[in-house]
There are 2 protein chains.
Amino acid sequence: MKLQAPSHEEHAMPVDLRMTPQRSVVHEVLRSSFDHPTATEVFLRSKDRMSTISLATVYNCLDALIEHGLIRQVNVDRDSSRFCANLNDHVHFHCEQCGVMMDADPIEKLDVTKFWKLPQGCQVTEPAIAIRGLCPTCVDKNQKVASR
Amino acid sequence: MKLQAPSHEEHAMPVDLRMTPQRSVVHEVLRSSFDHPTATEVFLRSKDRMSTISLATVYNCLDALIEHGLIRQVNVDRDSSRFCANLNDHVHFHCEQCGVMMDADPIEKLDVTKFWKLPQGCQVTEPAIAIRGLCPTCVDKNQKVASR
DNA sequence: GATGAGATCAAGAATCATTCTAATTCAAAA
DNA sequence: TTTTGAATTAGAATGATTCTTGATCTCATC
Ligand SMILES: [Mn+2]
Ligand SMILES: [Mn+2]
Ligand SMILES: [Zn+2]
Ligand SMILES: [Zn+2]
């Protein structure tokens with residue numbers, strides 16, 4: 001993973017990203033995906049639109065799009081990174097059984113210092129929240145199995 | 001990552017774990033470490049106490065100890081897993097600059113449904129919270145650099 | 001329109017944490 | 001003591017990601 005301390009003077013919006021055909025395709029794939037695909041999944045979907053695109057290029061495009069704030073990278077544990085074109089503030093619900101990942105919109109801002117005693121002198125950048133559980137499909141599936 | 005749906009009938013406490021010399025050493029290393037070492041770091045520290053222990057065994061021991069609830073695995077993004085012998089309910093503060101990881105004890109229980117709109121029908125198992133920021137040491141270091 | 005500098009793309013190699021395999025050793029039960 | 005399954009170990013395999021390197025493209029300038 002690339003640790004990249006956000007500098008305070010950096011702008012929220014991209015300055016200049018040459019929107020090449022490959023980057024367009026990758027961006028478009030993500031904007032029309034709501035399941036948070038992995039790099040390989042993005043690669044497969046991109047090939048439908050541009051059969052010559054390579055996995056290396058998909059990784060390059062994802063990096064470029066992330067750096068310019070057009071998409072977000074989502075990590076849950078050490079699983080493959082997933083990617084998300086929803087730029088609104090949100091966290092992720094992750095199904096422990098099938099792996100599906102869904103957006104969860106914020107209701108109110110969480111002040112971490114209200115909930116946890118941070119070590120003296122720590123400066124909080126951002127809490128990373130991932131909500132684990134069972135998606136509706138898996139809840140149903142389990143109920144059916146249990147009642148047999 | 002090992003996806004392992006927690007079954008409802010499983011017991012919270014370990015039933016039987018043969019406490020072999022290697023498992024003892026790994027456990028003892030973790031109980032005397034407060035910096036959340038990686039598997040390789042656990043391996044190096046274990047070698048001080050048992051020079052013949054192998055990395056494969058350390059991985060096996062960590063798995064066994066985790067499965068029996070004697071230690072916890074901590075993941076931040078896709079970095080190497082870290083391990084923690086603090087079994088009290090707590091979350092982790094992770095320094096973005098130096099990578100140090102510290103425990104943060106809960107003040108009050110967080111009800112995720114108060115803060116985020118979960119998709120209809122989702123069953124929450126557990127929220128995974130990691131707090132990112134700068135540790136006191138890095139805050140100081142940066143201040144000194146800035147004032148030069 | 002031609003040229004050159006720098007960005008982008010792409011194939012394949014390298015990396016590295018982790019898992020797997022298979023052979024050996026160990027330990028508790030019979 | 002023999003048996004049998006578990007534990008240990010070295011080393012190979014895996015797989016996501018990053019790196020390297022050469023080809024290709026873009027676009028400003030001539
Ligand atoms: Mn999302
Ligand atoms: Mn801890
Ligand atoms: Zn599911
Ligand atoms: Zn630090």
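In what follows, chains carry the letters A, B, and so on, assigned in the order in which the sequence lines appear, proteins first and then strands, with residues in each chain numbered from 1. Values below: every heavy atom of this structure, side chains too, minus hydrogens, waters and symmetry copies.
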(request) Name all residues meeting the side chain to side chain donor-acceptor pair (under 3.5 Å) criterion together with Asp89(A); count only those two or more places apart in sequence or in a different chain, and write none if there are none. (result) none
(request) Measure from CG on Asp63(A) to P on dT18(D) and round the result to the nearest Å. (result) 6 Å
(message) Just N and O in the side chain of Thr20(B): are any of them under 4.0 Å from OP1 or OP2 of dA27(C)?
(response) no
(request) Let me know the distance between CG of Leu17(B) and P of dA7(D), rounded to the nearest Å. (result) 8 Å
(message) Going by side chain to side chain donor-acceptor pair (under 3.5 Å), name the residues that satisfy it together with Glu126(A), two or more places apart in sequence or in a different chain.
(response) none
(message) Tell me the bend of the helix from dG1(C)-dC30(D) to dA30(C)-dT1(D) as the angle between end helix axes, each from five pairs, rounded to the nearest 10 degrees.
(response) 10°
(message) If you compare every side-chain N and O of Gln22(B) against the phosphate oxygens of dT9(D) (OP1, OP2), does one of them come in below 4.0 Å?
(response) yes
(request) For Asn60(B) and dT9(D), give me the distance from atom CG to atom P, rounded to whole Å. (result) 9 Å
(message) What is the distance, to the nearest angstrom, from the CG atom on Leu65(B) to the P atom on dA7(D)?
(response) 11 Å
(request) For Asp35(B), check side chain to side chain donor-acceptor pair (under 3.5 Å) against everything at least two apart and list the hits. (result) Arg45(B)
(message) Is the phosphate of dT18(C) approached by Arg78(A) (side-chain N or O, under 4.0 Å from OP1 or OP2)?
(response) yes
(request) Give the rounded distance in Å between these two atoms: CD of Gln73(A) and P of dA16(D). (result) 14 Å
(message) Please confirm whether the shortest side-chain N or O distance from Ser81(A) to OP1 or OP2 of dT17(D) is below 4.0 Å.
(response) yes
(message) By the ring-ring contact (aromatic ring centres under 6.0 Å, His included) test, which pairs, at least two apart or in different chains, include something from residues 129-148 of chain B?
(response) none
(request) Just jot down the side chain to side chain donor-acceptor pair (under 3.5 Å) partners of Thr113(B), sequence neighbours excluded, or say none. (result) Asp111(B)
(request) Starting from P on dA16(D), measure out to CG on Asp79(B) and report it in whole angstrom. (result) 18 Å
(message) Expressed as a whole number of angstroms, how long is the span from Leu62(B):CG to dT19(C):P?
(response) 10 Å
(request) Return no unless some side-chain N or O of Arg23(B) is found under 4.0 Å from OP1 or OP2 of dA7(D). (result) yes
(message) Rounded to whole Å, please give me the gap between NE2 in His68(B) and C1' in dA7(D).
(response) 13 Å
(message) Considering only residues two or more places apart or on different chains, which pairs with a residue in residues 125-144 of chain A satisfy ring-ring contact (aromatic ring centres under 6.0 Å, His included)?
(response) none
(request) State which residues pass ring-ring contact (aromatic ring centres under 6.0 Å, His included) with Phe115(B); sequence neighbours excluded, sorted by chain then number. (result) Phe115(A)
(message) Test of understanding: with ring-ring contact (aromatic ring centres under 6.0 Å, His included), list the residues that count as partners of His36(A), not counting sequence neighbours.
(response) His92(A)
(request) Measure the spacing between CZ of Arg132(A) and SG of Cys95(A) and express it to the nearest 0.5 Å. (result) 11.5 Å
(request) Treat each ILVMFWY residue as a node, draw an edge where side-chain heavy atoms are under 4.5 Å apart, and state whether Ile66(A) and Leu55(A) are in one component. (result) yes
(request) Kindly state which residues belonging to residues 27-57 of chain A come within less than 4.0 angstrom of DNA chain C, counting heavy atoms of the residue only, listed by number. (result) Thr52(A), Ile53(A), Ser54(A), Ala56(A), Thr57(A)
(request) Output all residues satisfying salt bridge (charged side-chain N to carboxylate O under 4.0 Å, His left out) with Arg82(B), sequence neighbours left out; order by chain, then residue number. (result) Glu41(B)
Could you list, one pair per line, each protein nitrogen or oxygen that sits under 3.5 Å from a nitrogen or oxygen of nucleotides 24-29 of chain D, together with the distance?
residue: dT26(D); atom: O4'; partner: Arg18(A); partner atom: NH1; Å: 3.4

(request) Check each of Ser46(A), Ser54(A), Cys61(A) against Gln22(A) using the side chain to side chain contact (heavy atoms under 4.5 Å, CB included) test, and report the only one that passes. (result) Cys61(A)
